[in-house]
Amino acid sequence: GLYIVSTPIGNLEDITLRALNILREVDIIAAEDTRHSKTLFDRFGIAAKVVSYHEHNKSKMTPRLVDELKAKKRVALISDAGTPAISDPGYKLCREAIQNNIEVYPIAGVSAALAALVVSGLPTDRFVFEGFLPRKKGRQTRLHALSQEERTMIFYESPFRVYATLVDLAKHLGEAREAVVCRELTKKFEEKSRGTLLELTEQFENRKVKGEITLVVEGASYFQKKLKTDDHMNKLLL
């Protein structure tokens with residue numbers, strides 16, 4: 001079958017024992033970046049056959065991997081970090097496997113989205129993962145729609161675009177929305193910047209940012225409830 005194997009997002013000690021066993025036992029590992037994954041393989045003595053599977057070769061590699069699965073080979077899919085098939089082409093391989101009656105197994109582990117959510121301090125009972133916002137076409141439309149999203153929102157972003165995204169979020173969702181910018185989670189220089197969207201834009205305006213970025217922003221229902229409470233308190237004080 002096909003194994004969707006979660007790998008660490010930074011600290012290599014976050015790998016699970018089951019994930020290590022699967023990666024050592026499968027016939028083929030399909031990795032987003034074989035060079036990047038070599039660090040993990042060398043650390044834990046993983047010597048399975050490794051092939052490249054990413055956005056630019058998925059059309060060619062998906063049928064090849066499905067053929068291997070049909071031949072009763074065990075295939076593990078990993079991304080550069082975290083849980084595969086989230087904001088990467090892994091879901092296409094998963095879907096093709098299912099359509100060919102091949103069993104798919106989740107090997108659970110780390111996800112940057114959930115790691116950022118649970119340390120955000122924002123409501124976790126209802127949330128939505130938005131991945132990367134559109135860079136150009138459809139960006140404003142998507143942001144406008146998200147202004148009414150009631151759940152806590154989670155975004156991935158490039159360090160080169162984090163400031164521009166904070167500006168856009170403040171413009172469309174409201175400057176007073178609470179948010180958290182999580183950088184390099186589980187790594188040596190882990191950092192969590194908290195504040196309103198306006199405060200965060202000021203923090204990141206002239207800053208050169210490096211590393212992996214996850215943004216968590218409060219939803220409209222929580223935000224509007226706070227505004228009503230603040231308005232009520234102001235009326236009582238008056």
Under 3.5 Å, side chain of Gln148 to main-chain N/O of Ala145, donor-acceptor pair present? no
Any side-chain heavy atom of Arg95 sitting closer than 4.5 Å to one from Ile98? no
Would a 4.5 Å heavy-atom cut-off, applied to side chains only, mark Leu185 and Ile9 as touching? yes
Steps toward side chain to side chain contact (heavy atoms under 4.5 Å, CB included) verdict (Phe41, Ile29): CA-CA 11 Å; Phe41 299 158; Ile29 298 174; 4.0 Å; yes
With a 4.5 Å cut-off on side-chain heavy atoms, are Thr152 and Thr124 touching? no
With a cut-off of 3.5 Å and sequence neighbours excluded, list every side-chain donor-acceptor pair involving residues 84-94.
{"unit_1": "Asp88", "atom_1": "OD1", "unit_2": "Ala85", "atom_2": "N", "d": "3.0"}
{"unit_1": "Asp88", "atom_1": "OD1", "unit_2": "Gly90", "atom_2": "N", "d": "2.7"}
{"unit_1": "Asp88", "atom_1": "OD2", "unit_2": "Ala85", "atom_2": "N", "d": "3.4"}

Aromatic rings Tyr3 and Tyr105: how do their planes relate, parallel, tilted or perpendicular, breaks at 30° and 60°? parallel
Could you pull out the closest heavy-atom pair between Leu40 and Leu12, with the gap in Å? CD1-CD2, 3.9 Å
Hey, is Lys49 close enough to Asp27 for a salt bridge, meaning N to O under 4.0 Å? no
Going by atom types only, do Asn100 and Lys70 share a side-chain donor-acceptor pair under 3.5 Å? yes
Determine, for Arg64 against Glu96, whether the closest basic-nitrogen to carboxylate-oxygen distance falls under 4.0 angstrom. no
Would Arg183 and Glu212 count as a side chain to side chain contact (heavy atoms under 4.5 Å, CB included) if you check the C-alpha gap in whole Å, the side-chain angles of each, and the deciding distance to 0.1 Å? CA-CA 6 Å; Arg183 188 179 71 84; Glu212 303 293 329; over 6 Å; no
Check this for me: Glu13, atom CD, are more than 12 non-hydrogen atoms of other residues, nucleotides or ligands nearer than 6.0 Å? no
Tell me, do Glu150 and Arg126 make a side-chain contact under 4.5 Å, heavy atoms counted? yes
With no hydrogens and no angle check, is any side-chain donor or acceptor of Glu103 less than 3.5 Å from a backbone partner on Gly1? no
Do any N or O atoms from the side chain of Glu190 and from the backbone of Thr186 form a donor-acceptor pair under 3.5 angstrom? yes
Basic-acidic side-chain contact under 4.0 Å: Glu130, Arg142: yes
Would one find more than 12 heavy atoms of other residues, nucleotides or ligands at under 6.0 Å from atom NZ of Lys171? no
Less than 4.5 Å apart, side chain to side chain, heavy atoms only: is that true for Arg161 and Phe132? yes
Could you tell me whether the side chain of Met153 reaches within less than 4.5 Å of the side chain of Phe127, counting heavy atoms only? no
Single-linkage hydrophobic cluster Phe129~Val180, side-chain heavy atoms < 4.5 angstrom: no
How about Arg35: does its CZ atom have over 12 heavy atoms from other parts shown lying under 6.0 Å from it? no
With the side chain counted from C-beta on, respond yes when Ser52 and Asn57 share a heavy-atom pair under 4.5 Å apart, and no when they do not. yes
Arg24 (side chain) donor-acceptor with Phe44 (main chain) under 3.5 angstrom: yes
In terms of hydrophobic clustering (I, L, V, M, F, W, Y; side-chain heavy atoms under 4.5 Å; direct or indirect links), are Leu122 and Val119 co-clustered? no
Any side-chain donor paired with an acceptor under 3.5 Å for Thr165 and Glu157? yes
Qualifying residue, where the test is side chain to side chain contact (heavy atoms under 4.5 Å, CB included) with Phe155 and the options are Leu215, Val181, Val162: Leu215
Where do Leu2 and Leu65 land on the side chain to side chain contact (heavy atoms under 4.5 Å, CB included) test, with the steps shown first? CA-CA 9 Å; Leu2 174 64; Leu65 289 170; over 6 Å; no
In terms of hydrophobic clusters joined by side-chain contacts under 4.5 Å, are Leu146 and Leu198 together? no
Check: Thr201 and Leu169 side chains under 4.5 Å, non-hydrogen atoms: no
Step-by-step side chain to side chain contact (heavy atoms under 4.5 Å, CB included) determination, Tyr156 to Thr214: CA-CA 5 Å; Tyr156 287 161; Thr214 306; 3.7 Å; yes
Against His172, only a single residue in Arg177, Gln140, His144 fulfils side chain to side chain donor-acceptor pair (under 3.5 Å); can you say which? Gln140
Under 6.0 Å from the CZ atom of Arg135, do we count more than 12 heavy atoms belonging to anything else shown? no
